[in-house]
S.K.: 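This is the structure I want to talk about, given as structure tokens.
Just so you know, these numbers come straight off a predicted model, no measurement behind them.
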Amino acid sequence: MAHDKLTIAVLGPGGIGGLLAALLARAGHRVVCLAGEETAATLDTHGIRVRSGLFGDFTVRAQAATTLREPVDAALVTVKHTALDAALERLPAAALGDALVVPFLNGVEHPAVLRTRYPADLVAPAVIRAESTRVAPGVIDHGSPFAEIDLAGDTVPRDRLEAFARALSEAGPATRVLDDEAAALWAKMSFLAPFALLTTHHRVPIGDIRTRHRDELTALVGEAAAVSGACGGPADPAGALARYDAFPPGTRSSMQRDAEAGRPMELDAIGGALLRAAQRHGVAAPVTARLVRDLTR
């Protein structure tokens with residue numbers, strides 16, 4: 001990654017993947033979107049159209065394929081956790097060369113999965129803070145007034161992380177490199193889990209959760225913070241509650257949208273992973289357990 005312009009594969013050009021693919025392509029990088037035949041054909045024909053208050057409305061040409069067949073500098077893995085195993089067939093290790101593998105997935109367990117398929121020193125987990133939705137193949141609505149990325153990778157050379165962080169920042173999303181992979185992943189997990197589980201369980205947006213279900217939210221935030229702290233992540237329940245209170249009241253989680261649309265939910269990757277970590281560290285999580293149990297029915 002010594003040269004200025006990179007070749008980047010994006011596995012799963014949905015809400016996050018499509019936004020990043022479009023921003024990187026607009027910045028002059030060569031981007032190859034990996035998707036199913038129908039989506040790939042649409043992208044090849046129409047490109048990617050982004051609607052964003054932060055980055056503007058724009059359309060970029062897109063190169064698309066169903067399987068990666070050439071070395072790249074980096075491969076972004078931006079599919080849902082429920083589709084991960086099948087999607088990785090589009091990203092064969094033999095074709096990657098020495099590319100960084102950068103997953104933008106919910107949860108905390110996926111880096112270990114990826115390190116069984118790709119070289120451990122090339123897997124660089126990332127966390128993105130942005131609300132971005134694919135409303136149709138190749139059409140992305142970026143609704144949040146921010147897009148921020150934390151990039152980590154305990155086994156990845158620091159200079160490679162810094163170089164890729166610069167490319168992302170120059171394309172648009174403010175990106176920083178963090179020293180501790182677990183802390184980066186748990187910082188998001190401990191905030192996402194209460195939001196996702198409660199909005200999905202009660203079928204209401206965050207405004208109703210923080211008013212009508214405040215006690216439940218407070219209890220779940222405390223459990224998530226305790227598990228995060230035991231796993232080496234941040235433990236700041238008061239800070240998490242303050243962030244929820246600052247959200248627009250109509251904000252819904254992606255898990256809630258998936259449930260409403262009848263799509264598979266990332267329940268195991270979020271709630272299940274939180275419970276498994278709690279069990280490993282002997283942390284009580286009764287509210288989490290009840291919500292996961294109810295949502296599994």
S.K.: Let's go through Phe164 and Leu6 carefully: what are the C-alpha distance in whole Å and the side-chain angles of both, what is the deciding distance for side-chain contact (heavy atoms from CB on, under 4.5 Å) to 0.1 Å, and is it a yes or a no?
M.R.: CA-CA 9 Å; Phe164 192 57; Leu6 309 175; 4.0 Å; yes
S.K.: What distance separates Asp44 CG from Arg61 CZ, expressed to the nearest 0.5 Å?
M.R.: 8.0 Å
S.K.: Closer than 4.0 angstrom, basic N to acidic O: yes or no for Arg290 and Glu216?
M.R.: yes
S.K.: So Val32 and Ile8, do their side chains get closer than 4.5 Å, heavy atoms only?
M.R.: no
S.K.: I'd like to know whether CD of Glu148 has more than 12 heavy-atom contacts from other residues, nucleotides or ligands below 6.0 angstrom.
M.R.: yes
S.K.: Report yes if some heavy atom in the side chain of Ile140 is under 4.5 Å from a heavy atom in the side chain of Ser132; otherwise report no.
M.R.: yes
S.K.: Do Glu131 and His142 touch side chain to side chain, with heavy atoms closer than 4.5 Å?
M.R.: no
S.K.: Do Thr200 and Ser253 have side-chain heavy atoms sitting under 4.5 Å apart?
M.R.: yes
S.K.: With a 4.0 Å cut-off, would you call Asp57 and Arg51 a salt bridge?
M.R.: no
S.K.: Would you tell me whether Asn106 and Lys188 have side-chain atoms, one donor and one acceptor, within less than 3.5 Å of each other?
M.R.: yes
S.K.: Side-chain donor-acceptor pair under 3.5 Å between Gln63 and Arg30, yes or no?
M.R.: yes
S.K.: Should we say atom CZ of Arg203 is surrounded by more than 12 heavy atoms from elsewhere, each under 6.0 Å from it?
M.R.: no
S.K.: Can you list the steps and then say if Glu89 with Arg117 is a salt bridge (charged side-chain N to carboxylate O under 4.0 Å, His left out)?
M.R.: CA-CA 10 Å; Glu89 298 300 318; Arg117 301 183 67 133; 3.2 Å; yes
S.K.: When you compare the side chain of Leu76 with that of Phe104, does any pair of heavy atoms fall below 4.5 Å?
M.R.: yes
S.K.: Ignoring hydrogens, what is the shortest heavy-atom contact between Asp258 and Lys80? Give both atom names and the distance.
M.R.: OD2-NZ, 3.0 Å
S.K.: If you count the non-hydrogen atoms of other residues, nucleotides and ligands that lie under 6.0 Å from CG in Asp215, is the total more than 12?
M.R.: no
S.K.: May I have the step-by-step check of side-chain contact (heavy atoms from CB on, under 4.5 Å) for Leu105 and Val77, ending in yes or no?
M.R.: CA-CA 7 Å; Leu105 275 74; Val77 181; 3.8 Å; yes
S.K.: State plainly whether one hydrophobic cluster holds both Leu84 and Met265, where clusters connect Ile, Leu, Val, Met, Phe, Trp and Tyr through side-chain heavy atoms under 4.5 angstrom apart.
M.R.: no
S.K.: Could you state whether Leu168 and Val127 fall into the same hydrophobic cluster, counting links through intermediate Ile, Leu, Val, Met, Phe, Trp or Tyr residues with side-chain heavy atoms under 4.5 angstrom apart?
M.R.: no
S.K.: Using 4.0 Å as the upper bound for N to carboxylate O, is an ion pair formed by Arg166 and Glu170?
M.R.: no
S.K.: How many angstroms lie between atom CE of Met189 and atom CG of Leu185, to the nearest 0.5 angstrom?
M.R.: 9.5 Å
S.K.: Checking Asp73 side chain against Thr7 main chain: does a donor-acceptor pair fall under 3.5 Å?
M.R.: yes
S.K.: Quick check: does any side chain N or O of Thr155 sit under 3.5 Å from a backbone N or O of Ala120, one acting as donor and the other as acceptor?
M.R.: yes
S.K.: Has Asp180 got a side-chain atom pairing as donor or acceptor with Ala182's backbone, closer than 3.5 angstrom?
M.R.: yes
S.K.: Determine whether a donor-acceptor pair (N or O, by modelled atom type, separation under 3.5 Å) exists between the side chain of Thr211 and the backbone of Asp208.
M.R.: yes
S.K.: Give the minimum heavy-atom separation between Val221 and Ala240, together with the two atoms involved.
M.R.: CG1-CB, 3.9 Å
S.K.: Kindly compute the distance separating OG1 (Thr199) from CZ (Arg257), expressed to the nearest 0.5 Å.
M.R.: 9.0 Å
S.K.: Can you name the nearest heavy-atom pair linking Gly12 to Thr78, along with the distance?
M.R.: O-OG1, 2.6 Å
S.K.: Please state whether the rings of Tyr244 and Phe191 are parallel, tilted or perpendicular, taking 30° and 60° as the class boundaries.
M.R.: parallel
S.K.: Any link between Ile149 and Leu114 through a network of hydrophobic side chains (Ile, Leu, Val, Met, Phe, Trp, Tyr) touching at under 4.5 Å?
M.R.: no
S.K.: Do the side chain of Thr116 and the main chain of Val113 share a donor and acceptor less than 3.5 angstrom apart?
M.R.: yes
S.K.: Go through it in stages, so that I can follow the logic: the residues are Asp98 and Arg160, the test is side-chain contact (heavy atoms from CB on, under 4.5 Å), and I'd like the CA-CA distance, side-chain angles, deciding distance and then a yes or no.
M.R.: CA-CA 11 Å; Asp98 67 344; Arg160 297 205 65 183; 4.1 Å; yes
S.K.: So which atom in Ala75 and which in Leu91 form the shortest heavy-atom distance, rounded to 0.1 Å?
M.R.: CB-CD1, 3.9 Å
S.K.: If we ignore angles and hydrogens, is there a donor and acceptor under 3.5 Å between the side chains of His81 and Glu109?
M.R.: no
S.K.: For residues Leu100 and Val156, determine if any side-chain heavy atom of one lies less than 4.5 Å from a side-chain heavy atom of the other.
M.R.: yes
S.K.: Can you name the nearest heavy-atom pair linking Leu68 to Ala9, along with the distance?
M.R.: CD1-CB, 4.2 Å
S.K.: For Val292 and Leu274, run side-chain contact (heavy atoms from CB on, under 4.5 Å): C-alpha distance rounded to whole Å, both residues' side-chain angles, the deciding distance at 0.1 Å, then the answer.
M.R.: CA-CA 10 Å; Val292 170; Leu274 185 62; over 6 Å; no
S.K.: Using a 4.5 Å cut-off on heavy atoms from C-beta on, say whether the side chain of Cys231 contacts that of His281.
M.R.: yes
S.K.: Over 60° means perpendicular and under 30° means parallel, so tell me whether Phe195 and Phe247 are parallel, tilted or perpendicular.
M.R.: perpendicular
S.K.: Can you see which heavy atom on Val227 is nearest to which on Ala278, and at what distance?
M.R.: CG2-CB, 3.7 Å
S.K.: Are Leu161 and Val123 linked, directly or through other ILVMFWY residues, by side chains that come within less than 4.5 angstrom of each other?
M.R.: no
S.K.: Answer yes if the side chains of His201 and Asp294 hold a donor-acceptor pair under 3.5 Å, and no otherwise.
M.R.: yes
S.K.: How many angstroms lie between CZ in Arg49 and CZ in Phe58, if you round to the nearest 0.5 Å?
M.R.: 12.0 Å
S.K.: Is the backbone of Leu54 close enough, under 3.5 Å, to the side chain of Ser52 for a donor and an acceptor to pair up by distance?
M.R.: yes
S.K.: Report yes if some heavy atom in the side chain of Ile16 is under 4.5 Å from a heavy atom in the side chain of Arg134; otherwise report no.
M.R.: no
S.K.: What is the distance from atom CG of Asp268 to atom CG of Leu275, rounded to the nearest 0.5 Å?
M.R.: 9.5 Å
S.K.: Indicate yes or no for a side-chain donor-acceptor contact from Glu223 to the backbone of Ala284 under 3.5 Å, with no hydrogens or angles considered.
M.R.: no
S.K.: Once rounded to the nearest 0.5 Å, what's the spacing between atom CG of Leu11 and atom CG of Leu88?
M.R.: 6.5 Å
S.K.: Please answer whether the main-chain N or O of Ala41 pairs with a side-chain N or O of Thr45 as donor and acceptor at a distance below 3.5 Å.
M.R.: yes
S.K.: Under 4.5 Å between side-chain heavy atoms, counting indirect links through other Ile/Leu/Val/Met/Phe/Trp/Tyr residues: same cluster for Ile209 and Leu291 or not?
M.R.: yes
S.K.: Among pairs that include at least one residue of residues 235-256, which meet salt bridge (charged side-chain N to carboxylate O under 4.0 Å, His left out), considering only residues two or more places apart or in two chains?
M.R.: Arg214-Asp245, Arg252-Glu260
S.K.: Under 3.5 Å, is there a donor-acceptor pair linking the side chains of Thr66 and Glu37?
M.R.: no
S.K.: On the six-membered ring of Phe146, is Arg129 placed so that its NZ or CZ lies under 6.0 angstrom from the centre and within 45° of the ring axis?
M.R.: no
